[in-house]
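Structure record follows, encoded as structure tokens.
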Number of protein chains: 2
Amino acid sequence: MRIKDIARLAGVSPATVSRVMNNNGYVKEEKREAVLKVIKDVDYQPNPIAQSLKNQKSQMLGVIVPKISTETASRVVAGVTEVARAHGYQVLIANTDLDIDEEINYLKFLSNKSVDGIIMMGTEVTDQHLAVMDKLIVPIVILGQKVKGYTSIVHNDYDASYTMTEYLVKQNHRDIAFIGVDEKDEAVGIVRKKAYLDCLNNYKIDVNDRLMAIGDFDIDTGYQMMQKILSYKTPTAVLAVTDHLAIGAIHALLDAGLDVPNDVSVVGIGDIKLAEYLNPPLTTVHYTFKTSGKMAAETVFELMKNPEKQGDTLMTTFELKTRASVRVL
Amino acid sequence: MRIKDIARLAGVSPATVSRVMNNNGYVKEEKREAVLKVIKDVDYQPNPIAQSLKNQKSQMLGVIVPKISTETASRVVAGVTEVARAHGYQVLIANTDLDIDEEINYLKFLSNKSVDGIIMMGTEVTDQHLAVMDKLIVPIVILGQKVKGYTSIVHNDYDASYTMTEYLVKQNHRDIAFIGVDEKDEAVGIVRKKAYLDCLNNYKIDVNDRLMAIGDFDIDTGYQMMQKILSYKTPTAVLAVTDHLAIGAIHALLDAGLDVPNDVSVVGIGDIKLAEYLNPPLTTVHYTFKTSGKMAAETVFELMKNPEKQGDTLMTTFELKTRASVRVL
DNA sequence: GACATAACTGAAATCGATTTCACATACACA
DNA sequence: TGTGTATGTGAAATCGATTTCAGTTATGTC
């Protein structure tokens with residue numbers, strides 16, 4: 001069913017049908033009703049692709065995620081889809097599976113008027129990214145990393161990590177181990193570590209390199225890094241920069257015959273869904289990822305109207321979740 | 001940059017540029033090179049929307065999910081995107097947030113030649129669904145529920161649940177409580193319960209209604225249902241039809257001063273990522289959701305080539321994961 | 001050298017909508 | 001009764017690609 005068919009059935013021209021559908025221009029009441037009746041009878045829905053071509057907008061938002069199957073990404077996408085739907089938009093998912101080249105390919109592809117706006121959950125933003133982003137004709141919002149000149153929505157990594165560290169200090173911990181990730185990830189790798197270091201310095205606590213370990217994002221890495229630290233010394237507390245790393249650390253401690261939190265306290269960052277159901281329930285920092293997704297989408301719609309507003313950095317809130325994985329010394 | 005511009009720059013007609021891009025028809029080697037050079041110089045990428053309109057396919061797959069932020073859904077989507085990418089396809093996410101009306105709206109919208117194939121992760125398939133699905137012109141694959149006349153990919157809910165129950169029986173449990181969900185969800189609500197009942201019957205174990213509770217899908221429900229069962233009697237084992245329900249049950253047991261597994265054994269179904277890191281690690285059934293997503297996508301591509309093949313039911317495998325949450329009596 | 005066939009090319013039609021433009025009719029006001 | 005404005009309508013152009021069709025040139029075969 002094309003608009004031509006509707007026009008024929010209603011005894012009018014395609015132009016009139018279009019006017020009825022889009023509710024603009026003059027249409028005599030009788031004809032309007034005739035058209036609406038036909039539309040209803042045959043359950044006509046206009047071809048969105050033809051509309052996109054003519055209107056020069058696709059009514060689609062592109063979301064580039066490093067790995068859709070993570071809790072963080074899927075919550076962000078949930079937020080984005082919610083806002084998108086409210087604007088009558090669809091969401092196109094570009095799942096890069098942590099492949100940087102794919103990320104750039106998708107940026108190019110999506111930029112190509114195939115979506116009206118892009119939300120990128122970045123881990124690493126390279127010069128290659130910037131080169132492609134510079135040529136983008138649709139607005140883009142970066143989520144999770146701060147990129148100069150582009151609108152970014154960042155989690156308050158510094159304050160979150162600082163608050164978490166400070167919390168341990170205030171529970172009288174002094175031997176606080178650190179399990180982090182590679183510095184390629186600016187927000188998690190660099191910022192969260194800096195906050196840890198700054199906090200220790202502010203409280204005049206010696207920083208001990210051998211109590212610090214760096215690795216990947218997964219639970220296994222948390223386990224191994226914890227083992228590595230234990231082989232040197234048993235700290236009284238451990239700050240892991242993600243909850244998954246914290247889970248790995250807890251298991252390494254348990255396997256080493258230590259009790260959490262009685263022998264060693266452990267905290268994470270992120271507040272994954274199951275954090276409160278772990279044993280012990282994990283003390284961590286709660287980020288509102290779904291809200292970040294909503295913010296990102298709303299900001300993209302903002303930018304679609306006012307492209308010159310590009311460049312702001314918005315910061316999401318966080319909340320300390322104190323649970324049973326920390327002991328007061 | 002449109003194809004016309006490329007044509008002008010290369011001194012040929014748009015038709016020739018198209019022939020070069022799509023590698024069909026005759027093009028003299030020199031012209032081909034000239035065109036390719038221009039394409040490369042200006043980094044030309046054809047407008048996918050115009051292509052979709054002309055080619056009558058969008059190179060997009062639509063995925064309707066009840067809730068993208070669940071582990072199951074996001075893993076399925078991960079599988080779908082992987083296969084889609086291999087076929088040069090994009091993935092459109094329709095997140096219904098468990099709203100049945102939205103599900104039907106999306107079906108209508110997507111059917112409208114806006115995607116070339118649909119994958120629906122259904123919970124409940126109503127007559128309204130069927131009415132819309134009947135009119136669909138693009139292939140559809142239903143994931144997680146069996147729907148007559150349509151290609152479905154189902155998890156082997158019956159065998160999984162039966163195997164899980166039988167496992168408990170073989171560990172000499174006889175008082176096996178059951179925590180299920182509403183029957184609106186055919187696969188989880190009906191099939192998994194039937195398997196439990198059949199297994200008990202086959203082993204001549206009396207079924208006790210008061211050891212069975214039905215509710216929603218979340219952890220809290222698991223907690224409450226377990227409390228309800230405990231108020232009647234303390235069973236020796238509990239079968240929860242999802243891992244989340246199992247987690248809720250475990251917490252209710254712990255809060256009631258009972259030990260898992262020494263006082264009560266608990267098993268789930270689904271094997272969420274953290275199942276093995278829970279305390280105790282949860283005995284459950286592992287489903288390959290990402291693989292299901294891949295299968296679904298591959299099947300859709302199959303159906304795009306051979307629409308007459310519609311109607312098959314494919315079953316995914318599962319694997320019993322025996323961990324420490326069960327004790328031998 | 002004649003004729004068939006292959007190689008090559010671009011103008012124009014097409015996909016399905018929207019919008020401009022030109023034109024027609026109705027209505028108001030002097 | 002004329003003139004200006006509001007109302008109403010459809011033919012045709014347009015969005016950016018692909019493809020058919022008709023026509024031209026090159027190549028091969030007898």
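Proteins get letters first, then strands, A, B, ... in listed order; numbering begins at 1 in each. The structure presented is a predicted model; accordingly, all values stated were derived computationally and were not measured.
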Measure distances between side-chain N and O atoms of A:R19 and base N and O atoms of D:dG10, and say whether any donor-acceptor pair falls under 3.5 Å.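 For A:R19, whose side chain was compared with the base of D:dG10, there is a donor-acceptor pair (under 3.5 Å).
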In this structure, how many angstroms lie between the [atom2] atom of [N] and the [atom1] atom of [X], rounded?
X     : N      : atom1 : atom2 : result
A:E30 : D:dT9  : CD    : C1'   : 13 Å
B:I39 : D:dA17 : CD1   : P     : 11 Å
B:D5  : D:dC15 : CG    : C1'   : 13 Å
A:M21 : C:dA17 : CE    : P     : 8 Å
A:Q56 : D:dG16 : CD    : C1'   : 8 Å
A:I6  : D:dG10 : CD1   : C1'   : 17 Å
A:K4  : D:dG10 : NZ    : P     : 15 Å
A:R8  : C:dG16 : CZ    : C1'   : 15 Å

Base, sugar-phosphate, or nothing: which does [X] touch, judged by heavy atoms less than 4.0 Å apart?
X     : result
B:V17 : nothing
A:T16 : sugar-phosphate
B:K31 : sugar-phosphate

Please check: side-chain N/O of A:D99 versus main-chain N/O of A:D101, any donor-acceptor pairing under 3.5 Å?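 Here the side-chain-to-backbone pair exists.
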Got a donor-acceptor contact below 3.5 angstrom from the B:N306 side chain to the B:E308 backbone?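 Not at all, since once roles are kept as given, no pair shorter than 3.5 Å links the two residues.
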Say whether B:Y89 and B:D116, considering side chains only, have a donor N or O and an acceptor N or O under 3.5 Å apart.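 Side-chain D/A pair, B:Y89 to B:D116: present.
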Of B:I3 and A:V12, whose nearest nucleotide on DNA chain D comes first from the 5' end?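 Its nucleotide being nearer the 5' end, the pick is A:V12.
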5' precedence on DNA chain D between A:L53 and A:K28 (nearest-nucleotide basis):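 So the residue in question is A:K28.
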Any idea which of [options] is nearest the [X] side chain?
X     : options                : result
A:R2  : C:dG16, D:dG16, D:dT9  : C:dG16
A:Y26 : C:dT18, D:dA6, C:dG16  : D:dA6
A:Y44 : C:dA17, D:dA17, D:dG10 : C:dA17
A:S13 : D:dG16, D:dG10, D:dT18 : D:dG10
A:K54 : D:dG16, D:dT14, D:dT9  : D:dT14

Decide, yes or no, whether a salt bridge links A:K146 with A:E186 under the criterion of side-chain N to carboxylate O below 4.0 Å.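 A salt bridge is absent here (no side-chain N lies under 4.0 Å from a carboxylate O).
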Basic-acidic side-chain contact under 4.0 Å: B:E71, B:K273: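 Looking at B:E71 and B:K273, the cut-off is not met.
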State whether B:N55 places a side-chain N or O below 4.0 Å from either non-bridging phosphate oxygen (OP1 or OP2) of C:dC15.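 Answer no for this pair, as no side-chain N or O of B:N55 is under 4.0 Å from OP1 or OP2.
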It should be established whether A:Q51 places a side-chain nitrogen or oxygen under 4.0 Å from OP1 or OP2 of nucleotide C:dT18.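 Yes, because at least one side-chain N or O of A:Q51 sits under 4.0 Å from OP1 or OP2 of C:dT18.
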A:K290 atom NZ, neighbour heavy-atom count above 12 within 6.0 Å: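 More than 12 heavy atoms, drawn from other residues, nucleotides or ligands, come within 6.0 Å of this atom.
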